[in-house]
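To start, the structure under review is shown below, and the notes come after it.
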There are 2 protein chains.
Amino acid sequence: MPVTIRDVAKHLNLSVTTVSRALAGHDDVAESTRQRVIKAAQEMGYVPTHAARQLRRQRTETIGLVFPTLGSRFSDPFFSEFMAGVGDETSRSNYDLLVSVTSPGEPEQTTYQRLVNSRRVDGFILVRMRLDDWRIRYLSQQGVPFASFGRSQTVENNPSIGVDGRAGIQELVRHLVSMGHSRIAFIGAPADLTLSRDRLNGYQDGLDDAGIDFDPNLVLQGNLTRTGGYEATKTLLERKSPPSAIIGINDLTALGSTRAAQESGLIVGRDIAIAGFDGIEASEHSHPPLTTVYQPVYDIGRKVCVMLITQIEGRELPQTHLLLKPKLIVRQSTMDRDLPVHPQNDNSEPETYFPSSLE
Amino acid sequence: MPVTIRDVAKHLNLSVTTVSRALAGHDDVAESTRQRVIKAAQEMGYVPTHAARQLRRQRTETIGLVFPTLGSRFSDPFFSEFMAGVGDETSRSNYDLLVSVTSPGEPEQTTYQRLVNSRRVDGFILVRMRLDDWRIRYLSQQGVPFASFGRSQTVENNPSIGVDGRAGIQELVRHLVSMGHSRIAFIGAPADLTLSRDRLNGYQDGLDDAGIDFDPNLVLQGNLTRTGGYEATKTLLERKSPPSAIIGINDLTALGSTRAAQESGLIVGRDIAIAGFDGIEASEHSHPPLTTVYQPVYDIGRKVCVMLITQIEGRELPQTHLLLKPKLIVRQSTMDRDLPVHPQNDNSEPETYFPSSLE
DNA sequence: ATAAATATCCAAAACGTTTGCGGTAACGTT
DNA sequence: AACGTTACCGCAAACGTTTTGGATATTTAT
């Protein structure tokens, strides 16, 4: 049924070698022959069988992307946007994207081992980097290429793109201080994640800058979900001396926090300030619109993918480590309600901060 | 470097045939030999190369899932949850999930053709069904298995799971009528989608039930995104005789609508009622919590996947078409603000409505 | 004892494509 | 004409695994 290279060769009275080499652009096939082959292959609808190419070339032209689930529901818009970026770049590069969604620990390990051992993908994109990341050691040992969004303390030479969460949160604290807040809480995430440490450090930097003492009672741990933010905020608001501002480690945390505050009868923006990190779409549409530290997730997805494919194909990377500056977007959740509402300004995306080296 | 079946055979002084047949459980290999083979393969870390198996068996054990993008940002939580369900089931069945994110029209067609022609996947899961769906015709003609979430008018024998959006919206209208609303608007989606027609029909059914005349000025088209809902609602609220209730065709539309209403100074729940369809997590965390018609997206993802794999493997399906009843979840966005707030009730998931035939 | 049946292994081919290297015709130089 | 070079094609092997059907030793039945 499907047309094979043998059919094309027979049709043209050529060998399969010649057809293959012609289609691949080898210079030892006459140009006139080549045109004939291309024409016939198109007319006959010939497309190489992926499995055969994979086997012969020892390449799958597939990228692996294993998403972590940290709760029972996987609905983090961050990952959808990231995946869209990755997906667009894999398509552009004639690669495929193989996705798996697993919970950390053994299921995750099993997944990676299965994909590596069966030579299912040419490389991986890693997300949610950990300070000590077993994936890096494992993939390096197996000689499997990978690129990451975020860094780890595990020594590695793999390419990565990070966003300076430390500086971003520091700036956010600065903004809150400038709004008059001095009792600022921070809802974090599991301590093994790099982003947890970085953003907590940024929080502390910001307090230092403002000459505000660090109070450990104002730091709670969430799990990067709305529910985590909601529960931590409930706890904070029950305190004798509740904070007047809350920073959620990511937008989902901050959105959960917003909900808890509103359920307590607080007016977010007037009675309490709440801010997040990511700049997901839901943040700009929330009520009130959420102040956040924006990172261009879609574009990062694309660029990580470029880095990985460049590595897989053995080409040189102009830069192996990129650290992007995020941008603070101030919206109503950290501003007094009486200020005028300018929706157009609130919706603006930041000017891009990418160096042009990956374009 | 990687261990091949030849290495195992040599190690045991057996042929590769015997090793292969032993691992595959063929009954013409002695049990003692089989145990020896299994033990050695494990100790040597042998895992079959996927490409070789694919080529020989003409099977990739991969499911294709092509997500549509209707806007510039792909962040619909609906698809994350669906994909999680699909991903979990593919893992369980020892399949892989190949994901592509493309915009409708030519890019989508190119993607399907590429995946089909290169025999890249064993079958597809289709989402966002259209009344006239070229994908059904194409895949049927190519003899490629597929299962769908939702139905189409295009004749086909493929298995599908649908949710009765017509009945769900009808019930929602009934609820709004019972709250005293008679001027109810409906923000739809592109007319080629099956869900557009079904849910619009449900809206009209509900109006008929209540003896309310259908007013075409109260029906606008969105695009299933927050922005679509936001803009349509802006338009509706500028009317001389604005509606007192708005149904968004999906939760994102309703969330955008909520934002537009709030920006106009309306109190959602008291001044205007807004409701959606899906039951995504963001709806229960919105302010106010959104009334919605709930469908269990994750579980649907899993079940569609079971249907497809059952088909691929040539087994009989107990049922080829399933139509689930959604459940109305009433929250604050359609109730007067003075009513008591019961967060626990608002968070409750509906009892499951699945027939047990797919369990 | 002989013939038939069974258990259990293995050679070879299959899957579809790509690649290295050789064969040979044509062309260019002496 | 003879020799060397180039153009351009094709044979055969490779990739790793699975499957078909045959070979042969052992067991069972007559």
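To find a chain, count down the sequence lines: A is the first, B the second, and so on, and within it residues start at 1.
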Less than 4.0 angstrom between a side-chain N/O of [X] and OP1 or OP2 of [N], yes or no?
| X | N | value |
| --- | --- | --- |
| A/Arg6 | C/dG16 | yes |
| B/Arg56 | D/dG16 | no |
| B/Thr18 | C/dC9 | no |
| B/Arg53 | D/dT18 | yes |

Next on the checklist: I need the single residue from B/Tyr112, B/Phe149, B/Tyr138 that forms a ring-ring contact (aromatic ring centres under 6.0 Å, His included) with B/Phe124. Which is it?
Outcome noted: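 Considering B/Tyr112, B/Phe149, B/Tyr138, a ring-ring contact (aromatic ring centres under 6.0 Å, His included) with B/Phe124 is found only for B/Tyr112.
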Checklist entry - Around A/Glu316, counting heavy atoms of other residues, nucleotides and ligands shown, do more than 12 lie under 6.0 Å from its CD? => result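 No, because the 6.0 Å sphere around CD of A/Glu316 holds 12 heavy atoms or fewer from other groups.
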Item to check | Non-hydrogen atoms of A/Ser160 and A/Met307 that approach each other most closely | outcome: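 Where A/Ser160 meets A/Met307 most closely, the heavy atoms are O-CE, 3.4 Å.
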Next on the checklist: Ignoring hydrogens and geometry beyond distance, is a side-chain donor-acceptor pair present between A/Ser80 and B/Ser80 at under 3.5 Å?
Outcome noted: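 Indeed, the side chains of A/Ser80 and B/Ser80 share at least one donor-acceptor pair under 3.5 Å.
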Checklist entry - Among side-chain atoms of B/Gln35 and B/Glu31, is any donor-acceptor pair under 3.5 angstrom? => result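 There is such a pair between these side chains.
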Checklist entry - Is a donor-acceptor contact shorter than 3.5 angstrom present between the side chain of B/Thr17 and the base of C/dA11? => result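 Under the 3.5 Å cut-off, the side chain and the base do form a donor-acceptor pair.
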Give the rounded distance in Å between these two atoms: [atom1] of [X] and [atom2] of [N].
| X | N | atom1 | atom2 | value |
| --- | --- | --- | --- | --- |
| B/Leu12 | C/dC9 | CG | C1' | 14 Å |
| B/Ile5 | C/dC10 | CD1 | C1' | 13 Å |
| B/Arg21 | C/dA11 | CZ | C1' | 13 Å |
| A/Arg59 | D/dG16 | CZ | C1' | 18 Å |
| B/Gln58 | D/dT17 | CD | P | 17 Å |
| B/Leu14 | C/dA7 | CG | P | 19 Å |
| A/Arg119 | D/dC15 | CZ | P | 13 Å |
| B/Arg57 | D/dT17 | CZ | P | 13 Å |

Checklist entry - What is the nucleic acid contact for B/Thr4, judged by heavy atoms within less than 4.0 Å: base, sugar-phosphate only, or nothing? => result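 Touches sugar-phosphate only.
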Next on the checklist: Taking any heavy-atom pair under 4.0 Å as a contact, classify B/Gln54: base, sugar-phosphate, or nothing.
Outcome noted: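 Nothing, no nucleic acid heavy atom in range.
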Checklist entry - Hey, can you pull the residues of residues 25-52 of chain A with a non-hydrogen atom under 4.0 angstrom from DNA chain D? => result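 A/Asp28, A/Val29, A/Ala30, A/Thr33 - these, ordered by number, are the residues of the stretch whose heavy atoms sit under 4.0 Å from the strand.
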Next on the checklist: One pair to check against salt bridge (Lys or Arg N to Asp or Glu O under 4.0 Å): B/Arg130 and B/Asp132. What are the steps and the verdict?
Outcome noted: CA-CA 5 Å; B/Arg130 296 151 206 167; B/Asp132 176 32; over 6 Å; no
Item to check | Electrostatic pair B/Arg114-B/Glu108, nearest N-O below 4.0 angstrom | outcome: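 No, this pair does not count.
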